[in-house]
Amino acid sequence: QVQLVESGGGLVQPGGSLTLSCAASGTIFKISAVGWYRQVPGKQSELVAGITSGGSTNYIDSVKGRFTISRDSAKNTVYLQMNSLKPEDTAVYYCKAVPWRGSDYWGQGTQVTVSS
């Protein structure tokens with residue numbers, strides 16, 4: 001069984017920074033891509049950032065220039081560096097790993113709250 005564990009969330013002031021980590025453990029197969037999603041109550045989950053096995057990245061427009069997704073393959077970990085945080089970034093953030101074959105893996109989520 002594959003397990004994804006997110007960490008690094010918390011409470012920060014507007015303009016502050018956080019780095020989220022998504023660490024995989026257990027028996028895993030080759031991953032094609034990893035994405036960070038976020039969700040607030042009553043709203044649809046949205047893909048914030050993604051990275052492929054080849055290292056290409058993409059971001060939604062609202063976080064471009066502020067967020068950076070990266071990976072450390074040796075540690076089976078993907079990171080989301082979040083700078084210049086805004087109140088509208090407040091959400092539960094989830095990581096998802098997409099294998100070349102089989103079902104997607106989801107983490108349990110980590111809360112990010114941006115408030116003064």
Side-chain angles (χ1 to χ4, degrees):
Q1 184 74 32
V2 173
Q3 184 177 13
L4 299 181
V5 179
E6 298 102 330
S7 61
L11 173 64
V12 297
Q13 295 182 342
S17 298
L18 284 173
T19 300
L20 306 183
S21 299
C22 175
S25 62
T27 302
I28 62 174
F29 297 96
K30 190 172 182 179
I31 301 298
S32 66
V34 174
W36 283 98
Y37 293 76
R38 67 186 181 189
Q39 187 171 33
V40 299
K43 293 189 64 178
Q44 186 78 16
S45 176
E46 63 179 352
L47 176 63
V48 177
I51 185 168
T52 70
S53 61
S56 62
T57 60
N58 65 281
Y59 306 88
I60 57 171
D61 288 342
S62 61
V63 308
K64 288 180 179 177
R66 300 189 297 120
F67 290 11
T68 303
I69 188 170
S70 62
R71 65 176 180 176
D72 186 338
S73 296
K75 297 181 178 180
N76 293 127
T77 302
V78 171
Y79 305 94
L80 185 66
Q81 175 67 48
M82 304 184 295
N83 299 322
S84 302
L85 283 162
K86 305 175 180 179
E88 50 263 45
D89 296 318
T90 296
V92 178
Y93 284 71
Y94 299 87
C95 64
K96 180 180 76 173
V98 182
W100 289 104
R101 282 166 287 277
S103 301
D104 299 342
Y105 311 126
W106 285 91
Q108 83 289 346
T110 185
Q111 176 71 48
V112 172
T113 302
V114 184
S115 176
S116 60

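Note that the structure is a prediction, hence the values are computed from the model and not measured.
- Nearest heavy atom pair, residue W36 against residue L47, reads O-CD1, 3.5 Å.
- Here the closest heavy-atom approach between residue V78 and residue S70 is recorded as CG1-O, 3.2 Å.
- Looking at T110 and S7, their side chains never come closer than 4.5 Å, going by heavy atoms from C-beta outward.
- At least one donor-acceptor pair closer than 3.5 Å links the side chain of E6 to the backbone N or O of C95.
- The backbone N or O of D72 sits nowhere less than 3.5 Å from a side-chain atom of T77 that would complete a donor-acceptor pair.
- Applying the disulfide bond (SG atoms under 2.5 Å apart) rule to pairs touching residues 30-68 yields nothing, sequence neighbours excluded.
- Between the side chain of T52 and the backbone N or O of A33 there is no donor-acceptor pair closer than 3.5 Å.
- Looking at heavy atoms from C-beta onward, V40 lies out of side-chain contact with T90 at the 4.5 angstrom threshold.
- Contact between S84 and S17 at its shortest, heavy atoms only, is N-OG, 4.3 Å.
- Hydrophobic cluster membership is shared by V12 and F67, with clusters built from Ile, Leu, Val, Met, Phe, Trp and Tyr side chains linked at under 4.5 angstrom.
- A distance of 11.5 Å separates CD1 in I31 from NZ in K96, rounded to the nearest 0.5 Å.
- Side chain of Y94 to main chain of Q39: no donor-acceptor pair is present (N/O by atom type, distance under 3.5 Å, no hydrogens or angles).
- Counting heavy atoms from C-beta on, the side chains of L80 and R38 never come closer than 4.5 Å.
- For K86 and D89, the salt-bridge test fails: no basic side-chain N is under 4.0 Å from an acidic carboxylate O.
- The SG atom of C22 lies 10.0 Å from the CG atom of N76; values are rounded to the nearest 0.5 Å.
- Minimum interatomic distance between G102 and P99 (heavy atoms only, all atoms of both residues): O-CG, 3.8 Å.
- Closest approach of L4 to A97, counting heavy atoms only: CD1-N, 3.9 Å.
- Linking Ile, Leu, Val, Met, Phe, Trp and Tyr whenever their side-chain heavy atoms come within less than 4.5 Å leaves Y105 and Y79 in two separate clusters.
- Taking 4.5 Å as the limit, every side-chain heavy atom of M82 sits out of range of all side-chain heavy atoms of V48.
- Side-chain heavy atoms closer than 4.5 Å link hydrophobic residues (I, L, V, M, F, W, Y) into clusters, and following such links, possibly through other members, connects L18 to I60.
- Judged purely by distance below 3.5 Å, without hydrogens or angles, the side chains of T19 and Q81 pair a donor atom with an acceptor atom.
- Note on ring orientation: taking the six-membered ring where Trp is involved, the planes of Y37 and W106 are tilted (angle from 30° to 60°).
- In terms of heavy atoms, V92 sits closest to Q111 at CG2-OE1, 3.2 Å.
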